[in-house]
Amino acid sequence: MNKVTDENRQGEAIMTAPVEGTSKKLYLESYGCQMNFADSEIVASILREEGFSTTQNFEEADLIFVNTCAVRDNAEQRVRNRLNEYNRVKRKNPALLIGVLGCMAERLKGKLLEEEKLVDMVVGPDAYRDLPNLIKVAEGGHKAINVILSKEETYADITPVRLDTNGISAFISITRGCDNMCSFCVVPFTRGRERSREPQTIINEAKDLFARGYREVTLIGQNVDSYLWAGGGLKKDTYTSDELKEVTRFDQLLEMVAMTLPQMRVRFSTSHPKDMTDEVLKVMARHKNICKYIHLPVQSGNSRILEKMNRGYTREWYLDRIAAIRKYMPDCGISADIISGFCSETEDEHKDTLSLMEAVGYDFAYMFSYSVRPKTYAERNYPDDVPAEVKNRRLQEIIALQGRLSHESNLKDVGKVFEVLVEGTSKRSDAHFSGRTSQNKVMVFPKGNFKPGDYVQVKVSSCTAATLIGQAVEQEAFA
Ligand code: SAH
Ligand code: SF4
Ligand code: F3S
């Protein structure tokens with residue numbers, strides 16, 4: 001579970017499963033975070049209406065869309081390599097249209113069309129409703145671009161076409177954008193202002209998923225704790241007392257989803273340490289179907305670096321939030337994102353990150369070395385002065401420590417029984433199912449008579465650093 005670095009998560013490409021439709025073929029590839037994957041499902045839905053079906057082979061596509069991530073430089077380099085590959089196909093088939101969607105489109109805007117000449121269309125994350133029109137422009141032989149960010153768009157009324165799905169778990173977008181301005185981060189520039197989606201549309205989407213056999217939803221946003229619906233969606237600084245009566249906060253939304261669908265597991269991501277309230281923790285503790293797992297990115301274990309990152313909390317505040325999680329849910333799984341070698345980080349400050357990891361005992365972590373992003377506060381104001389080899393060595397130390405922590409965390413589970421939601425056949429063995437515990441750990445166990453979507457009580461017999469291995473002890477109804 002520890003081998004997650006720059007190479008994973010925000011760099012993974014997932015190709016889409018075929019979707020029924022007619023004539024024209026779309027190849028859609030997605031990079032980046034869960035938000036991008038959820039957006040690709042919106043894009044597929046909009047294009048299905050236009051008569052596109054998806055293909056898994058870009059050589060036979062009429063249209064290639066790559067939904068991109070700009071969070072670190074290596075994520076962008078990977079996309080550039082892919083665009084070069086698509087352009088080789090285009091030389092043989094000039095009618096092929098290539099479009100860049102998502103965060104890199106928003107960051108680079110017209111540059112992708114003018115300087116780099118790699119693409120026909122550039123479409124930012126808030127402009128997907130304009131795709132049918134942009135495709136027509138491109139089909140007419142013109143370059144097409146729409147990178148206008150919106151303060152309202154949530155695509156709330158569009159039913160996503162579920163892509164690359166196991167049929168059991170799905171993401172539901174609850175907020176878009178981010179207002180936090182962490183000094184290292186490009187997301188506020190690529191995704192725009194934070195806005196929340198109307199609660200009823202979220203609940204309806206969850207109900208629809210349940211009716212179609214899904215048994216787990218993850219409510220997603222860059223900072224779910226700042227979810228706030230006040231009639232209009234866009235968060236304001238102050239509210240009248242009448243408006244406050246109508247407000248829905250994240251803890252309330254979470255409880256509404258959990259109570260509407262008691263048979264559905266509910267997860268969420270990402271929590272922000274400065275905004276995570278005890279109310280959310282209490283709601284989690286109250287409802288069995290809300291998974292006992294929190295992804296709480298820390299970034300650094302040192303208060304000076306955290307301040308420079310503009311994260312809005314100190315090491316002590318973060319550790320207090322961890323103590324609160326443990327108080328309400330002693331069995332809660334906890335993971336984090338960590339950055340090594342941020343501007344001016346000293347060796348002692350890096351050691352603070354290691355000691356914080358040890359103090360929390362993370363079950364899992366996503367670990368990165370700092371990558372300068374154009375236009376961010378850090379890029380404009382702080383020299384990127386930790387040499388690459390130092391950043392990397394610190395990252396390796398972080399990864400090695402997390403490897404030990406993940407293994408220790410799994411060893412503690414040996415002999416215990418966990419409820420596992422079966423997701424599908426294990427990648428390594430046809431005779432085994434794979435699913436996750438409430439704490440988000442992957443469990444592998446012999447198939448027996450179970451099927452995907454079942455909740456199974458599984459006793460852990462052994463483990464690796466990444467996986468729990470067990471045997472079913474009984475099949476119990478989820479209630
Ligand atoms: N909204 C989430 C994170 C979104 S980006 C949060 O606030 O926690 C996912 C992760 O990428 C971040 O948590 C951070 O660890 C990493 N990241 C973002 N910008 C980065 C950069 N410039 N260099 C290295 N890692 C970065
Ligand atoms: Fe980026 Fe910070 Fe917003 Fe997360 S909270 S998306 S790290 S600016
Ligand atoms: Fe990447 Fe954009 Fe997500 S920059 S991490 S795809 S919001």
Side-chain angles (χ1 to χ4, degrees), residues 4-14 29-40 66-76 78-79 100-108 124-126 149 171 173 175-194 220-227 268-276 294-301 305-306 308-313 318 335-343 345 353 365-379 382 384 386 388 391-392 394-395 398:
V4 178
T5 64
D6 271 9
E7 296 312 306
N8 297 10
R9 205 193 182 197
Q10 270 87 25
E12 228 168 338
I14 305 267
E29 193 170 60
S30 306
Y31 292 82
C33 63
Q34 294 160 342
M35 259 67 73
N36 248 20
F37 290 95
D39 279 4
S40 287
V66 49
N67 195 357
T68 58
C69 174
V71 82
R72 284 172 296 276
D73 186 57
N74 59 0
E76 293 200 356
R78 210 165 296 137
V79 168
V100 172
L101 313 180
C103 293
M104 213 175 143
E106 193 63 50
R107 192 179 85 70
L108 293 166
D126 285 346
L149 286 173
F171 297 129
S173 232
T175 67
R176 294 182 72 80
C178 183
D179 284 351
N180 281 324
M181 291 288 175
C182 300
S183 63
F184 53 80
C185 184
V186 79
V187 171
F189 303 92
T190 63
R191 293 259 158 185
R193 293 296 305 274
E194 182 187 283
I220 57 169
Q222 291 296 357
N223 174 357
V224 290
D225 298 296
S226 64
Y227 175 89
F268 54 86
S269 185
T270 303
S271 303
H272 198 300
K274 81 176 161 62
D275 296 322
M276 193 190 68
I294 298 185
H295 181 58
L296 195 66
V298 68
Q299 317 299 0
S300 164
I305 294 293
L306 287 169
K308 250 186 122 116
M309 288 176 160
N310 195 30
R311 287 288 290 177
Y313 55 86
Y318 185 90
S335 62
D337 294 348
I338 299 171
I339 299 177
S340 78
F342 185 62
C343 312
E345 183 190 69
T353 297
Y366 296 97
M367 298 156 283
F368 314 101
S369 66
Y370 173 57
S371 163
V372 185
R373 306 314 292 134
K375 291 199 185 145
T376 56
Y377 188 89
E379 187 259 346
Y382 306 140
D384 178 24
V386 178
K391 277 183 196 170
N392 270 330
R394 290 181 187 168
L395 178 62
I398 289 169

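Because only heavy atoms are used, hydrogens play no part in the values below, and waters and symmetry mates are left out as well, while side chains stay in. Note that ligands are numbered from 1 as they come in the structure, with each ligand's atoms numbered from 1 the same way.
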Worksheet item: Salt bridge or not for D126 and R193, using N-O below 4.0 Å?
Response: no
Discussion item. Need the ligand 3 atom indices (1-based, order shown) with element for anything under 4.0 Å from a heavy-atom of C69.
Written reply: 1 (Fe), 4 (S), 5 (S), 6 (S)
Discussion item. Could you check whether any heavy atom of S369 sits closer than 4.0 Å to an atom of ligand 1, since that is the contact criterion I want to use?
Written reply: yes
Discussion item. One residue to check: Q222. Relative to ligand 1, which of side chain, backbone, both or neither has a non-hydrogen atom less than 4.0 Å away?
Written reply: both
Worksheet item: When you look for heavy atoms under 4.0 Å from ligand 2, do you find them on the side chain of M181, its backbone, both, or neither?
Response: backbone
Practice prompt. Assess G102 for proximity to ligand 3: is some non-hydrogen atom of it under 4.0 Å away?
Written response: no
Discussion item. Can you confirm if the NZ or CZ of K308 lies within 45° of the ring axis of Y382 and under 6.0 Å from the centre of its six-membered ring?
Written reply: yes
Worksheet item: Mind checking whether R373 and D73 have side chains closer than 4.5 Å, heavy atoms only?
Response: yes
Discussion item. What I want to check is whether the side chains of N223 and D275 have a donor and an acceptor closer together than 3.5 Å.
Written reply: yes
Worksheet entry | Closest heavy-atom pair and its distance - A70, E76 | CB-OE2, 3.2 Å
Discussion item. Using a 4.0 Å cut-off to any heavy atom of P188, which atoms of ligand 2 qualify?
Written reply: 8 (S)
Fill in: atom 5 (S) of ligand 2 - nearest protein heavy atom and its distance
N180 ND2, 3.3 Å
Discussion item. Show the atoms of ligand 1 that are less than 4.0 angstrom away from any heavy atom in F368.
Written reply: 10 (C), 11 (O), 15 (O), 16 (C), 25 (N)
Discussion item. For R191, which part has a heavy atom under 4.0 Å from ligand 3: side chain, backbone, both, or neither?
Written reply: side chain
Item to complete: Could you see which bit of I339 sits under 4.0 Å from ligand 1, with heavy atoms only: side chain, backbone, both or neither?
Response: side chain
Fill in: Atoms of ligand 2 close to V187 [distance to a heavy atom under 4.0 angstrom, numbered from 1]
6 (S)
Practice prompt. Let me see the working for T353 and R394 under side-chain contact (heavy atoms from CB on, under 4.5 Å), right down to the final yes or no.
Written response: CA-CA 10 Å; T353 297; R394 290 181 187 168; over 6 Å; no
Worksheet item: Do any nitrogen or oxygen atoms of R373 come within less than 3.5 Å of a nitrogen or oxygen of ligand 1?
Response: no
Worksheet item: R311 near ligand 2, heavy-atom distance under 4.0 Å?
Response: yes
Worksheet item: Are any of the side-chain heavy atoms of Q299 and F342 separated by less than 4.5 Å?
Response: no
Worksheet item: Which residue supplies the protein heavy atom nearest to atom 6 (S) of ligand 2, what is that atom called, and how far is it?
Response: Q222 OE1, 3.5 Å
Practice prompt. Tell me which protein heavy atom sits closest to atom 8 (S) of ligand 2, plus the residue, atom name and distance to 0.1 Å.
Written response: C182 N, 3.4 Å
Practice prompt. Taking all heavy atoms of S271 and all of L296, pick out the closest pair and write down the distance.
Written response: CB-CD1, 3.7 Å
Practice prompt. Could you pull out the closest heavy-atom pair between V186 and R107, with the gap in Å?
Written response: CG2-CD, 3.9 Å
Item to complete: Rounded to the nearest 0.5 Å, what's the gap from CE on M35 to OG1 on T270? Could you check?
Response: 5.5 Å
Item to complete: Provide the closest heavy-atom pair for Y370 versus E379 in the form atom of the first, atom of the second, distance.
Response: OH-N, 4.5 Å
Worksheet item: Short list, please: which atoms of ligand 3 are under 4.0 Å from a heavy atom of N36?
Response: 6 (S)
Response to the item:
Heavy-atom closest pair (I338 atom, A365 atom, distance to 0.1 Å) is CD1-CB, 4.3 Å
Response to the item:
Quick note on ligand 3: atoms under 4.0 Å from a heavy atom of C103 include exactly 2 (Fe), 4 (S), 6 (S), 7 (S)
Worksheet item: Does ligand 1 have an atom that lies less than 4.0 angstrom from a heavy atom of V187?
Response: no
Worksheet entry | Q222 CD to E194 CD distance, which is reported to the nearest 0.5 Å | 9.5 Å
Discussion item. Below the 3.5 angstrom mark, is there an N/O of S371, backbone or side chain, next to an N/O of ligand 1?
Written reply: yes
Worksheet item: Is there an N/O/S atom in C178 that lies less than 2.8 Å from atom 1 (Fe) of ligand 2?
Response: no
Practice prompt. Identify, for atom 1 (Fe) of ligand 2, the protein heavy atom at the shortest distance, and state residue, atom and that distance.
Written response: C185 SG, 2.3 Å
Discussion item. Can you tell me which residue among C178, C103, C33 is in a side-chain contact (heavy atoms from CB on, under 4.5 Å) with R191?
Written reply: C103
Discussion item. So, 4.0 Å and heavy atoms of N223: is ligand 1 close enough to count as a contact?
Written reply: no
Discussion item. If you take the nearest heavy atom of each of V71, V224, D337, which one is closest to atom 18 (C) of ligand 1?
Written reply: V71
Discussion item. Heavy atoms only, cut-off 4.0 Å: how does R311 contact ligand 1, side chain, backbone, both, or neither?
Written reply: side chain
Discussion item. Distance check, rounded to the nearest 0.5 Å: C185 atom SG versus N180 atom CG?
Written reply: 9.0 Å
Discussion item. Can you confirm, on distance only, whether ligand 1 has an N/O atom lying under 3.5 Å from any N/O atom belonging to H272?
Written reply: no
Worksheet item: Can you list the steps and then say if E345 with S300 is a side-chain hydrogen bond (donor to acceptor under 3.5 Å, both in side chains)?
Response: CA-CA 10 Å; E345 183 190 69; S300 164; 4.8 Å; no
Worksheet entry | Part of P297 with heavy atoms under 4.0 Å of ligand 2, whether side chain, backbone, both or neither | neither
Discussion item. Please confirm whether R191 approaches ligand 1 to less than 4.0 Å, judged on its heavy atoms.
Written reply: no
Practice prompt. Using a strict 4.0 Å cut-off to heavy atoms of Y370, name the atoms of ligand 1 that fall inside it.
Written response: 22 (N), 23 (N), 24 (C)
Item to complete: Taking only heavy atoms of H272 into account, list the atoms of ligand 2 that are under 4.0 Å away from them.
Response: 5 (S)
Worksheet item: Do you know which two heavy atoms are closest between I305 and C343, and how far apart they sit?
Response: CD1-O, 3.9 Å
Item to complete: Could you tell me which atoms of ligand 3, counted from 1 in the order shown, lie closer than 4.0 angstrom to a heavy atom of Q222?
Response: 7 (S)
Worksheet item: Within the structure, does F184 bring an N/O atom to less than 3.5 angstrom of an N/O atom in ligand 1?
Response: yes
Worksheet entry | Any donor-acceptor pair under 3.5 Å from N36 side chain to Y31 backbone | yes
Item to complete: Tell me, please: is Q34 in heavy-atom contact with ligand 3, that is, under 4.0 Å?
Response: no
